[in-house]
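Some notes on the structure that comes next.
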Amino acid sequence: MVEELLIRNGVVYDPINGVNGEKKDICIRDGKVVEEVRNPKVIDAEGRVVMPGGVDIHAHIAGGKVNAGRLFRPEDGRKGREAKTKVCRAQSGYSVPNTFATGYRYAKMGYTFVMEAAMPPLAARHTHEEMVDIPILDNAAMPLIDNNWMTMDYVKSGDTDLLAAYIAWMVKATKGYGVKVVNPGGTEAWAWAKNCDLNDAVPYFDVTPAEIVKSLAVANEKFEMPHSIHVHGNMLGHPGNYKVTTSTYDLVKGITPYRDRPTMHATHTQFHSYGGTTWRDFESKAGAIADYVNKNEHVSIDLGSVILGDTTTMTADGPMEYSLYQITGRKWTNHDVELETGSGITPFLYSGKVSVHTIQWAIGQELALLIKDPWKLALTTDHPNAGPFIGYPIIISMLMSKRRRDESAADMHKVIYDRAELPSIDREYDLYEIAIITRGMTAKTLGLHEHGKGHLGVGADADVAIYDMSPEEHDAGKIQKAFLNTKYTIKGGEVVVKDGEVVAAPAGRTFFVTPECDSKLMEEMLVDLKAKFEHYYSVSFNNYPVQDAYVPNPYEIKAPWRS
Amino acid sequence: MQTIRLKLKEEITSGNAKIPIDVDSLTPDKLFGKNEAEIKAVKVWWGNREENTGDLFDVSVEGEAGSVEEVKIVMEGDLSRVKHIGDGMKAGEIEAIGDVDMHCGAMMTGGKITVRGNADCWAGREMRGGELIIEGDAGDNLCAMYRGEMTGMTGGKVTVGGNAGECAGQYMAGGEILIKGNTSILTGLNMKGGKITIEGDAVMPGADMTGGEITVKGKVLDMMPSFRFVGTTTIEGEEYKKYIGDLAMTEKRAKGVLYVR
Amino acid sequence: MVEITDVVCSLCGCVCDDIVVEVEDNKVTKVKGACAVGKSKLMGHGRIESPAIRENGELRDCSYDEAIKEAAEILAAARRPLLYGWSSTVCEADKVGIELAEEIGAVIDNTASVCHGPSVLAIQDVGLPSCTLGEVKNRADLVIYWGANPAAAHANHMKRYSYISKGYWTEEGKKNKKLIVVDVRKTATAKMADVFLQIEQGKDYLVFSALRALLYGYEDVVPEVVGGIPKKDLLETVKMMKEAKFGIIFFGMGVTHTRGRHNNIVNAIQTTRAAHTHTKFNIMPMRGHYNVAGINQVCTWETGYPFAVDLSRGYAWYNPGEQSATDLLIRRECDAALFIASDPGAHFPGESIRHLAKIPVIQIDPFPNPTTEFANVVIPTAISGIEAEGNVYRMDNIPIRLRKLVDTEYMADEEILERILEEVRAIKEKEGE
Ligand SMILES: [Zn+2]
């Protein structure tokens, strides 16, 4: 049977196709957008805002550290309780929701794709097991490949071809999407309770974080990878780190990407835009970062914007979580992963009464407002690090309303008027720009627009969000409400949310990339890799790669070697 | 004054299985303004099913109440499987005749609960205000936090006529607890504010405390090895040793005071 | 004869994955590389032969269909059912179990509640600075076993991962490592130790606090003897901890099950945090069953909580000590119970067994055990890791896939549970009409 759907008379914002607020019908057949339909079910979207399904470029929704966050925070679990329904499984949690709630809540906001931002390779099966349990959303995950001993060995020997072979093997073995970098070198140093700045030597490995980043970017561009390297740089969360940040951006400046995209995606930039020398003279350097991004084409960013309130911070950046825990004295979990990476988790409360948090809150929004071209940035909260993803509508309403920003600032620490730029910025986002930073830019930066995501052109996946608001709406509160619960969310042609309620919860697909590499090169690399397994890993080589059983709904993207 | 009598029917707990009933929906503030028929129709959870109060309890109402403060609920029958008595209660009074099950007076913000018997674990959990009197013994985790939280009781007054179990007042931040008997291990664990008085003996009291005050009038068994003796002081005519702790939390944070006779 | 390499052992939390097995005529005939207990499991032993239902006190053999239907009827009718076990089967089965619990409004609990449940409670209080076992292998120069005796309970632990293993910075094995053992008795492990601290029963909490005070530099307040251990030995221990480059505490049931219980572990973790102000220090529980870490993981991402989860109201409410299996049974709260891959008949206190004799009990297990003696419905299954594959989590939460080695006629746990769930839904649909 042919399933047809017609979304009639909506006001459509589809930036990838240049559609800016046009009244337009969208025709759907068998899960795809088509030219026309014959006998469709009709959804009347008259006067409402219609966008492609949201694409989140960076969130922590599945895997070992997310689950460690849930496990050690039963007090967060009890915040989001909802009983099961005929369609939905039982829900729990606020900053660390259970997998089911994660799928439902994203879908209610009109999102249909989420990128899990950090997958420890050795525990990749865990990430996949959880992603299978997240309903509705299509997903993918990026394996951490920067603190790996293999990577550092090849960086030291300068052999980027072998490094590329290792990337190919790793991305394939983990059924991952691309190359994730988190505190390069610093996480390995953390295994000895130390950390690294950009040009420090990593203990025992005789390479610097700068060399790691550069080599990985070079190796990544040896393939037709849909995404650039995805970088959480050194010194995250340290006052004065903005110089490290721009120096990190500079590292990949001369490298040619395989297609028209940046060579580095720099994530949760808010945490990397700090001035001052201590927490006392801490100030925003969003302006300096925005300036760099405005003048250059090789870097894209996402915000990592702060949502006030309690959350659970988690990252592979072990030393950073340790310093955070030292500030709060709250519970702290750490999990170092042999030969590869680490992770730390600690709860955190962002308060508008605290000067540092207030400046952090301002920085995320300043970045969005000072970077001129919205195609260079994505909306994220680095969920749940700067706040849970269900706070996105709050940020959208802030970016769209100067008045709302002013009202919020008035309630916050006065430091916002001295050490942040936000109160002096008048810019307001329009819906087209919002659509860019929540779907257009993110799909394009991840290379997913070529695979049906983030737009509504013919042939695209029929992932559609219909927001219960008029394009003329200026009331920030109403905008926030509309973006929290859609009128309709359609995923693959199926209505999954209606009037803010989940009405269907089909399984999502997992996107993964298979980089293709010369077999001789691969064999040479495997000699080194097998030696690592033989002597240092606690798991055997043959039990390491993620078996097909873990990805029941696969979508494979091949990344050929660039000749 | 209005008195609402709720007597648990005998057959509810006389079977092979003694399945608990959750009565957090039966507080004076929630029943205020309801007549007998309406009270009988209030839903309570019994295992995995919701039942009418009237099907589980014999219900009778005497008198009128002009405000919540004038509502008194008297619970009778075998209450040993009745959980969450007065959970979240804001005002009014509850008298429970007999031993009650867990979470009695949890999260209460006001009003008064009197238990004429023992109370099982978690009585007064995360209590914010009001008064809780347990004439018999209290189980473990009296006035403590919920799992994973870092704040237990913050206000109100609790009196236990008998003994208290493990970890009484864990993460307590405010309010007062008086225990007339002995306490089991780790009373005032992680305490950061408020006051606990133990008339009997205590075992390892005050561990990891960073604030607040514990007074032990009986013996301390297994004194923590990480408290600093700072001198003697007189309380109600008796001489007490004063300790500061817990240094295991570092000196900077060790602001708890422990008085031992 | 077929030789299968990289076989994963489905016995204890070590989940050794370098075992070599020979299979002949669909039977495991030889096992290389496993410890004695692991070997005996892989070689196979007596099975429950047929599904059965108890009638007039006797088990009568029946079909899978009949047993599954009977089980579904018991569960659908129950007002406070308990589903317990889950740590000796694969995550795929655990997931169906949680869905079943949600469907029937059950309490779902796993064996963690009688072994490392206290560790979980401690983690919820203070977190867990830890690492994978390979980190220990490559880096640790100080290993502390506290209330654990791996020489007896986790035979390969020291060899593969800790004191005796060789890694990148530990090429010479135990030669450049130090071993401290804390226990109430001089165990086999204690005999290997550089320092053995013989602690008085139930005094662990005090000793941890003393170590913390010393690690933070308050020697003046610590008494001359704590928990039976002289202060000079504590000082020596603290010196070793500070001087180590990478220290690890492994703790066992000797700490989780004495006076202080989960708070002992809180204090052990606090001790680790105190040591971490000087050098790298980690801590890890010595977990028992091969997939007890796994059921905790699955239960957490699906319900929000790792064990003792009450789904009676349709959402999860978590409170160990209230919803743990033994508490429920001693308090006679349950009116039906399902046990999978576990043996409460052998491991639960007598009072709870007496209650189980009065209510309908369903057992799903490959092997007969004391629970079989009183179960009303018995459903045999394929053995995970021998006859069925699936995911498990090692004690350091590393996921590893169990392999299937031989074919079987027995149904896998996952399939049995799915069938029960289907039947329960059919019954409820009928009731709803
Ligand atoms: Zn992140």
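Residue numbers start from 1 in every chain, and the chains themselves are labelled A, B, ... in the order their sequence lines are given, proteins ahead of strands.
Sorted by first and then second residue, the pairs that involve residues 320-331 of chain A and meet salt bridge (charged side-chain N to carboxylate O under 4.0 Å, His left out), not counting sequence neighbours, are A:E75-A:K331, A:D310-A:R330.
Contact tally against chain C (heavy-atom pairs below 4.5 Å) for A:V337, A:D133, A:V66, A:D76: the top residue is A:D133. The choice from C:M284, C:R403, C:R273 that makes the most heavy-atom pairs within less than 4.5 Å of chain A is C:R273. The choice from C:T5, C:L128, C:V126 that makes the most heavy-atom pairs within less than 4.5 Å of chain A is C:L128. Contact count against chain C (heavy-atom pairs under 4.5 Å) is highest for A:H335 among A:Q91, A:H335, A:R70. Of the listed residues (A:Q547, A:R125, A:R81, A:R89), the greatest number of heavy-atom pairs within a distance under 4.5 Å of chain C belongs to A:R89.
Only the side chain of A:Y325 comes within less than 4.5 Å of a heavy atom of chain C; its backbone N, CA, C and O stay farther away. Residue C:E171: no heavy atom, backbone or side chain, is found under 4.5 Å from chain A. The part of A:A549 that comes within reach of chain C is its side chain, from C-beta onward, which places non-hydrogen atoms under 4.5 angstrom from that chain. Residue contact with chain A, scored on non-hydrogen atoms closer than 4.5 Å, is absent for C:F281. For C:I123, the parts sitting under 4.5 Å from any heavy atom of chain A are the backbone and the side chain alike. With a 4.5 Å cut-off on non-hydrogen atoms, A:W149 touches chain C through its side chain but not through its backbone. Contacts between C:S165 and chain A at a heavy-atom distance below 4.5 Å are absent for every atom of the residue. Residue contact with chain C, scored on non-hydrogen atoms closer than 4.5 Å, is absent for A:I345. With a 4.5 Å cut-off on non-hydrogen atoms, C:I98 touches chain A through its backbone and its side chain both. C:D125 touches chain A through its backbone: at least one of N, CA, C or O sits under 4.5 Å from a heavy atom, while the side chain does not. For chain C, the nearby part of A:E82 is the backbone; its heavy atoms alone come within less than 4.5 Å.
Rounding to the nearest 0.5 angstrom, the gap separating the OG1 atom in C:T300 from the CZ atom in A:F72 is 12.5 Å. Atom-to-atom distance recorded for C:Y305:OH and A:R78:CZ is 8.5 Å, nearest 0.5 angstrom. Residue C:E302 holds its CD atom at 5.5 Å from OG1 of A:T99, rounded to the nearest 0.5 Å. A distance of 9.5 Å separates CG in C:L402 from CG in A:N543, rounded to the nearest 0.5 Å.
Minimum heavy-atom separation, A:A193 to C:H276: CB-CE1, 3.9 Å. Contact record, A:L122 with C:P399: O-CD, 4.1 Å, taken as the closest heavy-atom pair. Closest non-hydrogen pair, A:A90 versus C:Y315, comes out as CB-CA, 4.0 Å. For the residue pair A:N542 and C:D6, the shortest heavy atom distance occurs at ND2-OD2, 2.6 Å. Of all the heavy atoms in A:E129 and C:W301, the pair that sits closest is OE1-CH2, 3.4 Å. For the pair C:G304 and A:S92, the tightest heavy-atom approach, listed with the atom from each and the gap, is CA-OG, 3.5 Å.
Between C:Y168 and A:F205, the ring-plane angle classifies as parallel under the 30° and 60° cut-offs.
Using a 4.5 Å heavy-atom cut-off against chain A, the contacting residues of residues 130-140 of chain C are C:S130, C:C131, C:T132, C:L133, C:G134, C:E135, C:K137, C:N138, C:R139. Among the residues in residues 533-541 of chain A, those with a non-hydrogen atom closer than 4.5 angstrom to a non-hydrogen atom of chain C are A:H535, A:Y536, A:Y537, A:S538, A:V539, A:S540.
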Chi angles and distances behind the side chain to side chain contact (heavy atoms under 4.5 Å, CB included) call for A:V132, C:K95: CA-CA 11 Å; A:V132 168; C:K95 283 165 74 163; 4.1 Å; yes

A:K84 and C:L311: CA distance, side-chain angles, deciding distance, side chain to side chain contact (heavy atoms under 4.5 Å, CB included) verdict: CA-CA 10 Å; A:K84 76 183 276 287; C:L311 289 152; over 6 Å; no

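Within the 3.5 Å criterion, the main-chain N or O of A:L71 finds a donor-acceptor partner in the side chain of C:Q124.
With sequence neighbours excluded, the residues satisfying salt bridge (Lys or Arg N to Asp or Glu O under 4.0 Å) with C:D17 are C:R160.
Around NZ of A:K79, the count of heavy atoms belonging to other residues, nucleotides or ligands within 6.0 Å exceeds 12. In this structure, C:K166 places its NZ atom where only 12 or fewer heavy-atom neighbours from other residues, nucleotides or ligands lie under 6.0 Å away. Annotation: A:K172, atom NZ; neighbour count of heavy atoms from other residues, nucleotides and ligands within 6.0 Å does not exceed 12.
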